[in-house]
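First comes the structure, then the notes that go with it.
Quick caveat: nothing in here was measured; it's all calculated off a predicted structure.
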Amino acid sequence: MMRTRPLKVALLGCGVVGSEVARIMTTHADDLAARIGAPVELAGVAVRRPDKVREGIDPALVTTDATALVKRGDLDIVVEVIGGIEPARTLIGTAFEHGASVVSANKALLAQDGAALHAAAEEQGRDLYYEAAVAGAIPLIRPLRESLAGDKVNRVLGIVNGTTNFILDKMDSTGAGYQEALDEATALGYAEADPTADVEGFDAAAKAAILAGIAFHTRVRLDDVYREGMTEVTAADFASAKEMGCTIKLLAICERAGDGASVTARVHPAMIPLSHPLASVRGAYNAVFVESDASGQLMFYGPGAGGAPTASAVLGDLVAVGRNRINGTTGPGASAYAALPVSPMGEVVTRYHISLDVADKPGVLAQVATVFAEHGVSIDTVRQQGKDGEASLVVVTHRASDAALGGTVDALRKLDTVRGVASIMRVEGE
């Protein structure tokens, strides 16, 4: 039976995502009411620029006083899509204190203060949902938190930033350099005027922290995530990857250690075999590969950003929270019972592709191989090409720790026959 009293919803932010949330709430009002069990009423919209025309939104609902809006006391749900740390953090806490549950798309805040926000929600008996914070429209948070709650997740490997995937895909498919591919991404609207958050891996690192925390039932903060950007990836790196039957992606990787006693979370460029499902993810799309004991390998794929796709995830949370509200319950909160330590990057074990500039003379390969052996790093394959006294030496290792590889590279740089280290790239997905 439909409840006649509407659920009152406040919207914090009315940009690309917020305006789509408001539009869908209006155009799909009957469907949303049927799915939730009560009508949904947009009760207020907090913005920074009140004079901007917002099609489909009653100007009487618009305010610049977000604090007063969330303090009203009659709100059921607050949707936060303003982003950033403050004032979002304070506004969410205030919303809980005044009786509202919260739906957020704020990956940076959740990665930094997710534990505190969950604690505040639990203290007040409210919901905190954030499907839209990771991978846009792709259902990922709820499957990890609910559908796989009875399974043991061992690894989450994914492309979680569409801008970087578009750039790397262009470099791979056309042979373009990094700057050329970035310029095209900017012209098409895939990259911001300042792309730092994307290309330096900050955006992906925030998402990795959220995913690792949910997957491993452990508190993982943004500071726990190793981060390496993709601005140094070159056309030569792609040429080397192709020779190995690989391509290059910026990956978010969250792993449980082999003994199950710790976890790691990291973001960096990596070579992956063309046979891996993530290798075929093109353009600005996202995809996340999940490996678990019982379910085996699962892949989630779709648009990872944009107004409508992200709003779709927000509305999905709105429906779930609305149902909980009507039934007088709350959904699952944070699960951090495992409390596993997060290992430093130096302990991460993977394969490496190292390209060296060396002197083209006898004995160089033997010297290099000796250095690898002295540091306990086993060589899988090696390829050497030389001309006019100079040569390139490409070494692919078996699995080794990051610390061992770092010591190896430091020692290689001290050899008279090594002119320089052209590139180092991790090899994942095998």
Can you tell if the side chain of Asp198 reaches within under 4.5 Å of the side chain of Asp203, non-hydrogen atoms only? yes

Shortest non-hydrogen contact between Gln112 and Arg221, atoms and distance: O-NH1, 2.5 Å

Can you list every side chain to side chain donor-acceptor pair (under 3.5 Å) pair that touches residues 232-248, not counting sequence neighbours? Asp172-Thr247, Thr234-Asp237, Asp237-Ser423, Glu243-Arg383

Main chain of Val153, side chain of Asp151: is a donor-acceptor contact present, judged purely on distance under 3.5 Å? no

Could you list the residues that satisfy side chain to side chain contact (heavy atoms under 4.5 Å, CB included) with Ile138, not counting sequence neighbours? Ala135, Asn286, Phe300

Residue pair Ala43 / Leu61: nearest heavy atoms and the distance that separates them: O-CD2, 3.7 Å

Grab the two heavy atoms, one from Leu157 and one from Gly429, that are nearest each other, plus how far apart they are. CD2-CA, 4.3 Å

Given 3.5 Å as the limit, does a donor-acceptor pair link the side chain of Asn154 with the main chain of Ser292, or not? no

With sequence neighbours excluded, residues passing salt bridge (Lys or Arg N to Asp or Glu O under 4.0 Å) with Glu374: none

Does the gap between the ring centers of His118 and Tyr130 come in under 6.0 Å? yes

Taking salt bridge (charged side-chain N to carboxylate O under 4.0 Å, His left out) as the cut-off, I'd like each qualifying pair that reaches into residues 269-286, sequence neighbours left out, listed once. Asp169-Arg282

For Asp410 and Lys414, run salt bridge (charged side-chain N to carboxylate O under 4.0 Å, His left out): C-alpha distance rounded to whole Å, both residues' side-chain angles, the deciding distance at 0.1 Å, then the answer. CA-CA 7 Å; Asp410 288 342; Lys414 296 176 182 178; over 6 Å; no

Distance col, row Asp113:CG vs Leu222:CG, nearest 0.5 angstrom, shows 10.5 Å

Within 45° of the axis and under 6.0 Å from the centre of the six-membered ring of Tyr129, does NZ or CZ of Arg145 qualify? yes

Contact summary for Leu110 and Ser104, nearest pair of heavy atoms: CD1-OG, 4.5 Å

For Asp224, enumerate each residue passing the salt bridge (Lys or Arg N to Asp or Glu O under 4.0 Å) test, keeping only those at least two apart in sequence or located in another chain. none

Who pairs with Glu184 by salt bridge (Lys or Arg N to Asp or Glu O under 4.0 Å), at least two apart in sequence or on another chain? Lys170

Return yes when atom CG of Asp416 has more than 12 non-hydrogen atoms of other residues, nucleotides or ligands closer than 6.0 Å, and no otherwise. no

Sorted by first residue and then second, give each salt bridge (charged side-chain N to carboxylate O under 4.0 Å, His left out) pair with at least one member in residues 250-262; sequence neighbours left out. Arg155-Glu255, Glu255-Arg266

Residues forming a side chain to side chain contact (heavy atoms under 4.5 Å, CB included) with Lys52, sequence neighbours excluded: Arg49, Arg54

Are Pro269 and Leu250 side-chain neighbours, meaning at least one heavy-atom pair lies under 4.5 Å? yes

Partner residues of Leu315 under the side chain to side chain contact (heavy atoms under 4.5 Å, CB included) criterion, sequence neighbours left out: Val21, Ile24, Met25, Leu32, Leu318

Side chain to side chain contact (heavy atoms under 4.5 Å, CB included) partners of Ala46, counting only residues at least two apart: Leu12, Thr63, Ala66, Leu69

Does anything in residues 164-212 form a ring-ring contact (aromatic ring centres under 6.0 Å, His included)? List the pairs, not counting sequence neighbours. Phe166-Tyr190

Determine whether the side chains of Thr350 and Glu428 contain a donor N or O and an acceptor N or O closer than 3.5 Å. yes

Would you find more than 12 non-hydrogen atoms of other residues, nucleotides or ligands less than 6.0 Å from Glu55 atom CD? no

The criterion is salt bridge (Lys or Arg N to Asp or Glu O under 4.0 Å); which residues satisfy it with Arg219, sequence neighbours excluded? none

